[in-house]
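We're numbering straight along the sequence, starting at 1.
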Amino acid sequence: MKQRHIIVISICLFMIATWYALLVMPTKHKFAELQKNLYNANLQISDFRKIMMIAPEFYKNHENIKRQKLQLSSQLYSKENLMSLFDELENMAIKNRLKVIEFTPSVEELLRINHLLPDDNKPQTLNIIITISGQLADIGTFVKGVESENFYQGVDFCRILNSVDGQINSNFVYGFKAVLGAIRKP
C-alpha cells in the first residue's frame, strides 16, 4: 500500500508541476507583461498630460516670438527708405544741373544689413556710390549739399574722370556712408 501512495503522490506532484509549468508560468509572464505595458501606458498618459499643460504656454511663447520677429524685421531698412534716399540724391543732382549715371550699394552690403539686428544706439549705415556727370562747379555744389544732409556720415572716396576729347562735363564717382532712415520728409 505504501508503494501505491508513493505512486499516487508522485503522479499528483508530476501533474501539479506540469500544470504549474504549462498554465501558471505563462499566465504569470503574461500578467507581468500586462503590468509592464500598463506602467508604460501610465507614463505616456502622464507625459501627455504634461504636454497638454505646457502646450498653451508654448503656443503663447511661439506667438510672442513671432510678433517680436515681425517687429525686428520692420525695424530693418526698407525698400522705401532706400528709394527715398536715392530720390533725394537724384533730386539734388538735378537741382545742380547734373546727370545721374548710376547708384551702387553693393548686394553683399544689402545682405549684411538685412542680417544685422538694429541697435538703438548705433544707426544702420550703407555705403553708397553715386556716379554723376556735369561741370566741376556743379559737382562741388552737389557734394557740399550732400555733406550737409542728415543722412551723410562720411566720405569713402571720390574720383573725377575727364575725357580726353575736350568735353566740358566730367564724370564724378562719389562714395560715402549714408545713415538709413535719416531722410528729411518735406
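- Every side chain to side chain contact (heavy atoms under 4.5 Å, CB included) that I101 has, sequence neighbours left out, goes to T131, S133, N171.
- Across Y152 and V146, no two heavy atoms sit closer than the pair CB-O, 3.2 Å.
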Practice task
Take F176 and Q153 through the test side chain to side chain contact (heavy atoms under 4.5 Å, CB included) and record every step on the way to the result.
Solution key: CA-CA 7 Å; F176 64 95; Q153 193 174 37; over 6 Å; no
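- Listed by first and then second residue, the salt bridge (Lys or Arg N to Asp or Glu O under 4.0 Å) pairs that reach into residues 19-44 come to none, sequence neighbours excluded.
- Atom CD1 in I160 sits 6.5 Å away from atom OG in S170 (nearest 0.5 Å).
- The shortest heavy-atom contact between P26 and A21 is CD-O, 3.5 Å.
- Of the inter-residue distances, the one linking I65 atom CD1 with Q68 atom CD reads 7.0 Å to the nearest 0.5 angstrom.
- For N91, there are no side chain to side chain contact (heavy atoms under 4.5 Å, CB included) partners at least two apart in sequence or on another chain.
- Side-chain atoms of S10 come within 3.5 Å of backbone N or O of I6 as a donor-acceptor pair.
- The other residues sharing a hydrophobic cluster with M25 are W19, Y20, L23, V24, where clustering joins ILVMFWY side chains under 4.5 Å apart.
- Between N127 and D156 there is a side-chain heavy-atom pair separated by less than 4.5 Å.
- Taken from CG in L34 to NE2 in H29, the straight-line distance is 13.0 Å, to the nearest 0.5 Å.
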Problem - Pair N40-Q44, side chain to side chain contact (heavy atoms under 4.5 Å, CB included): steps then yes or no - result: CA-CA 6 Å; N40 288 337; Q44 287 178 344; 5.6 Å; no
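- Contact detail for G134 and L98: the closest heavy-atom pair is CA-CD2, 3.6 Å.
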Exercise for the section: Apply side chain to side chain contact (heavy atoms under 4.5 Å, CB included) to the pair I128 and L85, showing each step before the final yes or no. Expected result: CA-CA 10 Å; I128 294 181; L85 177 62; 3.0 Å; yes
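- Of the inter-residue distances, the one linking L89 atom CG with E149 atom CD reads 8.5 Å to the nearest 0.5 angstrom.
- Summarising the geometry, atom NZ belonging to K50 is positioned 13.0 Å from atom CD1 belonging to I45; distances are rounded to the nearest 0.5 Å.
- Counting all heavy atoms, side chain and backbone alike, E90 lies closest to F103 at N-CZ, 4.0 Å.
- Residues that satisfy the side chain to side chain contact (heavy atoms under 4.5 Å, CB included) test with T27, not counting sequence neighbours, are absent from this structure.
- Contacts of R97 classified as side-chain hydrogen bond (donor to acceptor under 3.5 Å, both in side chains), with partners at least two apart in sequence or in another chain: D138.
- Nearest approach of V100 to A93, heavy atoms of both residues: CG2-CB, 3.5 Å.
- Think of M15 as one node in a network of Ile, Leu, Val, Met, Phe, Trp and Tyr side chains linked at under 4.5 Å; its network also takes in I7, I11.
- Other residues sharing a hydrophobic cluster with F48 under the 4.5 Å side-chain heavy-atom criterion for ILVMFWY residues are M52.
- Nearest heavy-atom pair across V155 and G175 is CG2-O, 3.5 Å.
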Practice task
May I have the step-by-step check of side chain to side chain contact (heavy atoms under 4.5 Å, CB included) for E102 and I130, ending in yes or no?
Solution key: CA-CA 6 Å; E102 181 179 35; I130 183 170; over 6 Å; no
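- One distance of note links CG of N42 with CG of D47; it measures 11.0 Å at 0.5 Å rounding.
- With sequence neighbours excluded, no residue forms a side-chain hydrogen bond (donor to acceptor under 3.5 Å, both in side chains) with N37.
- Counting heavy atoms from C-beta outward, N169 and Q135 have side chains that approach closer than 4.5 Å.
- Cluster membership check: F142 shares its hydrophobic cluster with L136, using side-chain heavy-atom separations under 4.5 Å among Ile, Leu, Val, Met, Phe, Trp and Tyr.
- With sequence neighbours excluded, the residues satisfying side chain to side chain contact (heavy atoms under 4.5 Å, CB included) with F157 are I129, R159, V173.
- Listed by chain and number, the residues in a ring-ring contact (aromatic ring centres under 6.0 Å, His included) with F172 are Y174 (sequence neighbours excluded).
- The hydrophobic cluster around I9 extends to L13, counting ILVMFWY residues whose side-chain heavy atoms fall within less than 4.5 Å of a member.
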